[in-house]
Structure formats: C-alpha cells, structure tokens
Amino acid sequence: MKADAPQKVPVTLATLQAMRQRGEKIACLTTYDAGFTRVLESAGVDAFIIGDSLGMVVMGHDSTVPVTMDDMLYHAANVARVGRSAWRVVDLPCRSYETPAQALANARRLVDEGGAHMVKLEGGTGKAAIVEHLVRHGIPVCGHIGLLPQSVEEYGGYKVQGRDAAGAAAILADAAALESAGAEMLVVECIPATLASRVTGSVDMPVIGIGAGPDCDGQVLVLYDMLGIVPEPHPRFVRDFLQDGGSIHAAVAAYVAAVKDGSYPADEHGY
Ligand code: KIV
C-alpha cells in the first residue's frame with residue numbers, strides 16, 4: 001500500500017512571525033484556483049495571497065479596479081476548498097472597505113464564505129481606522145502600502161513609490177499607523193530596496209515585498225508573472241521561473257528555494 005505523503009503543519013501567523021524572528025524568508029505567491037493551489041502547497045509555498053490581481057491575469061481586465069466581492073469570494077473559496085498548509089490572505093476589492101461597517105461586513109464574508117485566514121486592504125494612515133475596526137471585531141488584517149494598484153487611475157500608471165524624502169517618510173508613517181491599528185502583516189509594493197529595508201526594520205510584523213528588494217521578511221509574486229504567462233512588458237522585479245523549471249511544480253520549487261536562499265530578488269529586480 002502506498003504511504004500517505006507527510007502532511008505539512010498548517011502555517012499560522014505565529015509561524016510567520018517565528019520565521020521573521022529567525023531570519024527564514026517567507027515564500028509567498030498569489031493563487032486563485034484549486035489546481036494551482038495544490039501544486040503550490042506541494043512545492044513548499046508558505047503563504048498565499050488570493051489577490052485582486054486575478055482581475056487582470058484571470059479575468060482580462062486592465063486593472064484591479066473592476067474586481068467585485070463576488071469575484072473574490074469565488075476564487076477564495078476555490079483555494080480554501082483544497083488548501084491544507086499555507087496561510088491564506090484574501091484581498092478586499094476596490095470600494096469594498098470605504099466605511100468601517102462596510103469593511104467589516106465584507107471581511108466577514110471573505111472569512112466565512114471565502115475561507116480567508118486574514119484580509120488585505122490597500123492604504124496606510126488613511127485606512128488605520130478601518131483596520132482598527134476589523135481587528136477589534138476579530139478579523140486579522142494585512143496592510144498593503146507603496147504602490148496601490150486599486151489607486152492606479154489616480155497615479156496615472158504603475159509607478160515606483162517613495163523615491164523622494166517626503167514619499168519615503170509617508171510610507172514609513174503608513175507602516176507605523178497600520179501596525180498601531182493592529183495589522184499583523186504588511187505587503188510593500190514597488191518601493192526602493194533601501195526604503196523597504198527601513199520599513200521592515202521599523203515594524204514588528206512580517207513584511208512581504210514585491211518589487212521592494214531583498215531585505216523584507218518574505219517575497220510575493222503574482223503567480224502568472226513568475227510563470228511567464230502574461231503579456232509583456234513585465235515589471236523589472238518579475239523573474240520567469242518556468243523558463244528553466246521544466247514544470248510548474250519545479251518552477252515554484254525553484255522560486256521557493258530562491259526566496260529562502262536570498263538569490264531572488266537580485267539587484268536587477270529592485271529599484
Ligand atoms: O493582488 C495581488 O496579487 C497583490 C499582490 C501585490 C500580492 O496584492
């Protein structure tokens with residue numbers, strides 16, 4: 001009889017915090033469905049973001065702005081149905097957290113119907129009251145600062161944030177405000193590597209970078225980007241792991257290994 005594969009112990013926030021403490025890098029990827037989720041877990045991914053990037057890579061929208069609660073719930077539930085070990089962070093989509101009451105109602109749906117372990121929302125000091133409200137009602141929150149894709153229409157494109165002193169100070173203040181409000185994890189997107197390093201050193205929660213250099217506690221990429229299955233041009237922080245991987249499982253395992261040994265992201269992936 002074939003022996004069962006050993007079950008990986010489920011990752012919790014305490015696991016991620018302990019990894020940060022001992023300097024073990026956290027390997028995170030986005031996922032949106034059951035098939036990829038099984039492969040990603042078997043290749044050793046620690047944490048998933050069921051990101052609203054699904055609006056672009058799965059649904060074909062030009063941005064994440066049109067993504068709805070129904071879209072997020074559908075994909076989050078697909079992942080939760082088969083997810084066994086990785087920590088699951090699910091995005092609150094654009095316009096779903098404009099008031100504390102609306103944010104709480106929607107976050108509860110992501111947890112109850114979508115199987116989220118934690119919800120993620122974009123914004124810093126301006127969102128601290130919302131974060132505080134969610135945390136007070138028992139919803140774990142991941143912040144997201146730096147480049148905020150849900151605000152891309154206001155930026156006029158996907159641009160690196162925090163390049164000047166005022167921008168950097170605002171991002172450091174955002175991180176502090178989110179932590180004071182009770183956020184327990186933070187994504188920093190498209191900021192200079194030196195600033196990401198300062199943000200990581202300034203808070204106690206695990207910080208996951210995307211386009212933010214090597215000194216965060218972990219890394220995340222959009223799954224379809226790291227498999228090279230989205231149209232060019234790709235942001236400079238993206239590395240196609242499938243090119244040399246041979247299979248999706250091998251590509252993801254190579255990503256996990258590269259994050260853990262610090263070879264991804266390299267200098268050429270940073271700002
Ligand atoms: O939606 C998404 O994929 C994200 C990534 C930046 C992790 O938020």
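Start at 1 and go down the list; that is how both ligands and their atoms are numbered. Below, all heavy atoms of this structure are taken into account, side chains as well, without hydrogens, waters or symmetry copies.
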Have a look at Met72, Gln150, Met56, Glu189 and point out the one with the heavy atom closest to atom 6 (C) of ligand 1.
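Of the listed residues, Glu189 has the closest heavy atom.
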Shortest heavy-atom approach to atom 7 (C) of ligand 1 - which of Leu29, Ile50, Ile49, Leu147:
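Considering heavy atoms of Leu29, Ile50, Ile49, Leu147, the nearest to atom 7 (C) of ligand 1 sits in Ile49.
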Would you mind telling me if ligand 1 is within reach of the side chain of Leu54, the backbone, both or neither, using heavy atoms under 4.0 Å?
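Answer for Leu54: neither.
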Pick one of side chain, backbone, both or neither for how Asp52 approaches ligand 1, counting any non-hydrogen atom pair under 4.0 Å.
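Near ligand 1, Asp52 shows its backbone as well as its side chain.
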Show which atoms of ligand 1 fall inside a sub-4.0 Å distance from at least one heavy-atom site of [X].
| X | value |
| --- | --- |
| His144 | 6 (C), 8 (O) |
| Thr30 | 3 (O) |
| Gly51 | 1 (O), 2 (C), 3 (O) |

Is Glu189 reaching over with its side chain to a backbone N or O of Gln161, donor-acceptor style, under 3.5 angstrom?
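No, Glu189 side chain to Gln161 backbone: no donor-acceptor pair under 3.5 Å.
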Which value, rounded to the nearest 0.5 Å, describes the distance between Cys142 atom SG and Ile208 atom CD1?
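Here the rounded value is 7.5 Å.
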Quick check: does Ser53 get an N/O under 3.5 Å from an N/O on ligand 1?
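There is such a contact, yes.
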Do any nitrogen or oxygen atoms of Asp91 come within less than 3.5 Å of a nitrogen or oxygen of ligand 1?
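So ligand 1 has an N or O lying under 3.5 Å from an N or O of Asp91.
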Would you say Lys120 contacts ligand 1, with heavy atoms under 4.0 Å as the rule?
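Yes, that is the case, since the closest heavy atom of the residue is under 4.0 Å from the ligand.
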Please verify whether a non-hydrogen atom of Val187 lies at under 4.0 Å from ligand 1.
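No, that is not the case, since the closest heavy atom of the residue is not under 4.0 Å from the ligand.
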Criterion side-chain contact (heavy atoms from CB on, under 4.5 Å) on Glu122 and Asp52, from CA distance to verdict:
CA-CA 11 Å; Glu122 296 184 9; Asp52 60 359; 4.2 Å; yes
Answer yes or no: does atom CG of Asp261 have more than 12 heavy-atom neighbours from other residues, nucleotides or ligands under 6.0 Å?
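More than 12 within 6.0 Å, yes.
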Take Arg239 and Asp244, measure what salt bridge (Lys or Arg N to Asp or Glu O under 4.0 Å) needs, and give me the verdict at the end.
CA-CA 11 Å; Arg239 179 172 145 194; Asp244 304 316; 5.4 Å; no
Testing the 3.5 Å rule here: is there a donor-acceptor pair between the side chains of Thr12 and Thr15?
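Distance-only check passes for Thr12 and Thr15.
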Given the rule in the side-chain contact (heavy atoms from CB on, under 4.5 Å) test, do Leu195 and Tyr271 qualify, once you have shown the distances and angles that lead to the verdict?
CA-CA 10 Å; Leu195 175 59; Tyr271 299 102; over 6 Å; no
With under 30° as parallel and over 60° as perpendicular, where do the rings of Tyr32 and Tyr224 fit, or are they tilted in between?
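Ring orientation, 0 to 90° scale: perpendicular.
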